[in-house]
Amino acid sequence: MAKALPKRSENYSEWYNEIVKRADLAENSAVRGCMVIKPYGFAIWEKMQRALDDMFKATGHQNAYFPLFVPKSFLEKEEEHAEGFAKECAVVTHYRLKANPDGKGLVVDPNAKLEEELIIRPTSETVIWNAYKGWIQSWRDLPLLINQWCNVVRWEMRTRIFLRTAEFLWQEGHTAHATEQEAVDETHQMLGIYAEFAEGWMAMPVVQGVKSESERFAGAIETFCIEAIMQDGKALQAGTSHFLGQNFAKSFDVQFVNKENQLEYAWATSWGVSTRLMGALIMAHSDDNGLVLPPKLAPIQVVIVPIYRSPEDLATISEKIRPLLHELKAKGISVKYDDNDNQRSGWKFAEYELRGVPVRLGIGMRDLDSRAVEVARRDLLSKESRPINFESPEEFAVGINILLDEIQENLYQRALKFREENTFLVNTWDEFKEQIEKGGFLMAHWDGTAETEEAIKNETKATIRCLPLLSAEMAGKCVYSGKDSPKRVVFARAY
RNA sequence: CGGGGCGUAGCACAGCCUGGUAGUGCGCACGGUUUGGGACCGUGAGGCCGCAAGUUCGAAUCUUGCCGCCCCGACCA
């Protein structure tokens with residue numbers, strides 16, 4: 001028997017790493033800080049992409065593709081942006097290798113030095129706004145609503161699979177608008193889409209809010225985010241949407257003629273989510289038996305495991321469930337019939353549990369006789385026997401569809417309850433220091449200064465996750481300095 | 001970059017202290033018995049013991065250097 005997973009309560013990060021490995025989602029590669037996303041993990045990412053992409057398209061965005069390389073001079077143009085990213089850039093300096101004159105292998109050819117270094121994009125504002133200069137002349141060219149799916153590289157000192165890797169996959173939307181209001185509206189719209197995706201598809205409740213100045217994206221006027229709570233009480237930033245003002249338009253000289261025939265700089269937004277969402281998904285729902293996937297993102301929603309002794313029995317079961325398979329597929333359910341003879345049923349039960357398949361159907365000879373199917377749900381780890389007409393299983397399939405919806409809803413409600421139970425109103429500095437050690441979201445007053453924010457971070461490792469958009473405005477006194485505060489903000493330790 | 005740890009079969013590790021035939025478990029291959037919650041027995045394949053130099057009759061084991069990885073910090077729009 002294979003070893004049990006480490007328990008969440010005993011070693012959360014080891015539990016996380018083991019799930020990623022054992023559920024066959026991804027593995028660390030030979031390349032420092034970079035992961036290999038395996039087929040099962042990538043299938044989940046593809047489902048995320050599909051759902052998000054549909055939402056982007058439905059709100060008028062189009063996909064495009066821009067270069068991997070950013071000339072250093074581009075990155076330099078927006079000062080804050082450059083400063084923010086400078087410390088984590090991979091830089092291409094040469095374009096050729098040659099045989100090592102001193103022996104074996106290859107060396108960089110010193111004669112092949114690039115005139116200008118190329119940065120492997122950590123984000124694409126600069127390349128994209130450089131291109132936009134040629135695309136935008138008139139107010140009629142706006143808004144420009146573009147998204148790209150790609151990889152980016154940020155040379156982080158310490159990496160964690162899915163949560164912070166040197167290279168990661170993401171989408172980055174970059175829009176240009178004729179008015180400030182339109183750009184602000186876009187920023188909010190995309191934040192709303194992220195929240196809708198997180199809650200509706202990932203079954204993960206999020207707090208929508210705005211970042212404090214020190215947590216703001218380099219080069220942005222305002223950064224909005226969705227913040228989720230993980231099962232260990234730490235926060236995870238799950239998506240960001242930035243209002244960039246005219247900063248990049250000015251840096252890249254993107255001007256248009258407005259309706260009054262005056263030259264004006266374009267207004268910008270950018271927004272992104274990444275493969276970090278995979279980490280969020282794992283940590284939001286999974287348990288000590290392995291991954292738990294919400295049905296809407298599960299590559300396999302229903303697995304059917306035949307239970308048999310002889311090859312004849314297997315053939316009988318396979319034949320008998322054919323209408324059921326057909327009916328489930330017709331309902332748009334992604335179903336796998338695992339008739340692999342190399343593993344026993346008990347092994348399969350454990351394996352699909354580890355992989356988070358929402359619903360498992362067990363069918364053996366005695367079920368055929370009694371016209372029943374064992375239905376197991378992953379979220380509750382419960383089993384029940386459900387009647388079925390094997391010849392015309394429509395009714396049964398409808399029931400499975402309803403069950404998938406129930407599981408999706410249950411996961412969301414469970415995660416929401418967890419967040420509520422781990423969100424605390426904190427009024428004194430002593431309470432704050434005590435609670436932060438236990439984890440969770442701390443709703444506390446803050447005087448709005450970077451000094452206080454910094455001091456709290458240094459003393460407790462807690463950061464301001466966001467100033468929530470939806471909150472009853474209640475003035476109070478800063479939990480640290482005692483100065484006036486207009487409303488509570490969310491503090492937490494974060495990934 | 002600072003602190004700690006580790007490199008031995010595909011994976012996880014023992015052996016090293018005290019130098020002398022390279023081992024265990026999982027996995028893999030084949031055969032058989034099994035099969036309603038990770039089966040069992042038998043047989044077998046698989047190793048530059050991270051790399052290099054040194055000590056020695058002899059090095060996985062001792063010494064030195066190098067390389068790589070992991071964990072804890074610093075860093076993290």
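From a predicted model like this one, the values you see are computed outputs, not experimental measurements. The chains referred to below are lettered A, B, ... by the order of the sequence lines, with proteins before strands, and numbering in each begins at 1.
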Ring pair (Phe, Tyr, Trp, His ring centres under 6.0 Å) against Tyr12(A), all qualifying residues, sequence neighbours excluded: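 Expected list: Trp15(A).
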Let me see the working for Lys211(A) and Glu227(A) under salt bridge (Lys or Arg N to Asp or Glu O under 4.0 Å), right down to the final yes or no. CA-CA 10 Å; Lys211(A) 285 290 187 191; Glu227(A) 292 283 331; 2.8 Å; yes
Contacts of type salt bridge (Lys or Arg N to Asp or Glu O under 4.0 Å), residue Asp313(A), not counting sequence neighbours: none
Describe the nucleic acid contact of Arg160(A) in one word from base, sugar-phosphate, nothing, applying a heavy-atom distance below 4.0 Å. nothing
Touch class at under 4.0 angstrom, heavy-atom based, for Lys211(A) against every strand present: nothing
Side chain [X] and base [N] donor-acceptor under 3.5 Å:
| X | N | answer |
| --- | --- | --- |
| Lys383(A) | G37(B) | yes |
| Arg309(A) | U34(B) | no |
| Glu353(A) | G37(B) | yes |

Donor-acceptor side-chain pairing of His61(A) and Glu186(A) below 3.5 angstrom: yes
I need the full list of salt bridge (Lys or Arg N to Asp or Glu O under 4.0 Å) pairs touching residues 276-289 of chain A, with sequence neighbours left out, sorted by first then second residue.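 Checked against salt bridge (Lys or Arg N to Asp or Glu O under 4.0 Å) - neighbours excluded - the pairs reaching residues 276-289 of chain A are Arg8(A)-Asp288(A), Asp287(A)-Arg378(A).
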Pairs where residues 446-464 of chain A contributes a residue and the test salt bridge (Lys or Arg N to Asp or Glu O under 4.0 Å) is met, not counting sequence neighbours: none
What do the steps show when you test Glu116(A) against Ser73(A) for side-chain hydrogen bond (donor to acceptor under 3.5 Å, both in side chains), and what is the final call? CA-CA 8 Å; Glu116(A) 179 181 2; Ser73(A) 57; 2.7 Å; yes
Under the salt bridge (Lys or Arg N to Asp or Glu O under 4.0 Å) rule, what do Glu351(A) and Arg22(A) come out as? Steps first, then yes or no, please. CA-CA 9 Å; Glu351(A) 183 67 11; Arg22(A) 307 255 292 263; over 6 Å; no
Winner on side-chain proximity to Asp367(A), out of G38(B), G36(B), C75(B), is G36(B)
Under the 3.5 Å Watson-Crick or G-U criterion, the dot-bracket string of RNA chain B, with | for inter-strand pairs: ((((((((.[[[[.)....(..]]]].((((((.....)))))).....[[[[[..)....]]]]])))))))....
If I take atom CD in residue Glu18(A) and atom P in nucleotide C70(B), what distance separates them, rounded to the nearest angstrom? 15 Å
How does each nucleotide of nucleotides 41-46 of chain B score, in 5' to 3' order, for protein heavy atoms under 4.0 Å: base (B), sugar-phosphate only (S), or none (-)? ------
